[in-house]
Amino acid sequence: MPQRYVAPDWFTRNVFNRIVAALTRLGVSVWGSRVLEVRGRKTGEPRRTPVNLLTIEGTRYLVAPRGHTHWVRNLRVAGEGVLLLGRRRERFIGSEIADSDKEPILRAYLKRWKWEVGQFFGGVDAESPSEHVCRIAPDHPIFRVDALARRRPGSTADPS
């Protein structure tokens, strides 16, 4: 079965994403937005896209409302990325969440951003029955974001 992916339309790609990315680069987070930078799986070149960073009880997540996008496939291969907000660059490790653990994360994401991304969830919202949320879970990859430990200049200690 093919994996679900909803490509952005012209307006989203050329207007909306560019405005959100520009504001985020200036240090203005629009409802939790960041610019995700991840190494391309084929070229190795850094690729950037605006994302919504969700925090639940101190744990941070990236949810892919459009499905198995290029950033999702790149992050799976690279295993790590950078979240940008203004001049701040935060390196992280992305750990993919199992479908069986996605329900509370999807509910929180939809509660916060349904107005922006609800169209990609097939009529499912934060108040939908559990079986509906679980049915769409495989269509929406989610990664837990864990900051990489910073090494002090001159440190030779292994970061792991």
Is there a side-chain contact between Asn52 and Glu116 (heavy atoms, below 4.5 Å)?
yes
For a side chain to side chain contact (heavy atoms under 4.5 Å, CB included) check, start with the C-alpha distance between Arg48 and Leu84, then their side-chain angles and the critical distance, and finish with the verdict.
CA-CA 9 Å; Arg48 290 182 175 181; Leu84 308 168; 3.6 Å; yes
Looking only at non-hydrogen atoms, find the nearest pair between Pro138 and Lys102 and report the distance.
CA-NZ, 4.2 Å
Assess the residue pair Asp9 and Phe16 against the criterion (side chain to side chain contact (heavy atoms under 4.5 Å, CB included)); give the C-alpha distance rounded to whole Å, side-chain angles, the decisive distance to 0.1 Å, and a yes or no.
CA-CA 10 Å; Asp9 60 18; Phe16 184 77; over 6 Å; no
If I take atom CZ from residue Arg107 and atom OG from residue Ser128, how far apart are they, to the nearest 0.5 angstrom?
7.0 Å
When you group the ILVMFWY residues by side-chain heavy-atom contacts below 4.5 Å and let the links chain together, are Trp113 and Ile19 in the same group?
yes
Does one hydrophobic cluster hold both Tyr61 and Val72, with members joined at side-chain heavy-atom distances below 4.5 Å?
no
Would you give the length of the straight line joining atom CG of Leu110 to atom CD1 of Ile105, rounded to the nearest 0.5 angstrom?
12.0 Å
When rounded to the nearest 0.5 angstrom, what is the spacing between CZ in Arg76 and CZ in Arg73?
8.5 Å
Give the intermediate values and the outcome of side chain to side chain contact (heavy atoms under 4.5 Å, CB included) for residues Ile142 and Leu106.
CA-CA 9 Å; Ile142 300 174; Leu106 287 170; 4.0 Å; yes
Set of residues satisfying ring-ring contact (aromatic ring centres under 6.0 Å, His included) with respect to Phe121, sequence neighbours excluded
His140
Quick check: closest heavy atoms across Thr69 and Arg66, and the distance to 0.1 Å?
CG2-CB, 3.8 Å
Pair Arg135 + Glu131: basic N to acidic O under 4.0 Å
no
Could you state whether Phe11 and Phe120 fall into the same hydrophobic cluster, counting links through intermediate Ile, Leu, Val, Met, Phe, Trp or Tyr residues with side-chain heavy atoms under 4.5 angstrom apart?
yes
For Arg39, look at atom CZ and say whether over 12 heavy atoms of other residues, nucleotides or ligands are found less than 6.0 Å away.
no
Taking all heavy atoms of Ser95 and all of Asp146, pick out the closest pair and write down the distance.
OG-OD2, 4.0 Å
Smallest heavy-atom separation, Asp101 atom then Pro104 atom, equals O-CD, 3.8 Å
Common cluster, Val38/Phe92, ILVMFWY with side-chain heavy-atom separation under 4.5 Å
yes
Give the minimum heavy-atom separation between Pro50 and Val20, together with the two atoms involved.
CB-CG1, 4.0 Å
Hey, mind stepping through Val117 and Tyr109 against side chain to side chain contact (heavy atoms under 4.5 Å, CB included) and telling me if it holds?
CA-CA 9 Å; Val117 298; Tyr109 189 84; 3.5 Å; yes
Answer with yes or no whether the hydrophobic clustering places Leu83 together with Leu75; edges join I, L, V, M, F, W, Y residues whose side-chain heavy atoms lie under 4.5 Å apart.
yes
Around Glu127, counting heavy atoms of other residues, nucleotides and ligands shown, do more than 12 lie under 6.0 Å from its CD?
no
Report all side-chain donor-acceptor pairs from residues 53-60 shorter than 3.5 Å, counting only partners two or more places apart or in another chain.
from, atom 1, to, atom 2, distance (Å)
Arg60, NH1, Glu90, OE1, 3.0
Arg60, NH1, Glu90, OE2, 3.3
Arg60, NH2, Glu90, OE2, 2.4

For the backbone of Arg112 and the side chain of Trp115, can you confirm whether one donor and one acceptor N or O come within less than 3.5 Å of each other?
yes
Closest approach of Ser29 to Arg34 (non-hydrogen atoms, all atoms of both residues)
OG-NH1, 3.3 Å
Could you measure the distance from the NZ atom of Lys111 to the CG atom of Asp125? Nearest 0.5 Å is fine.
11.5 Å
Among Glu37, Arg47, Arg41, Lys42, which residue meets the side-chain hydrogen bond (donor to acceptor under 3.5 Å, both in side chains) test with Asn74?
Arg41
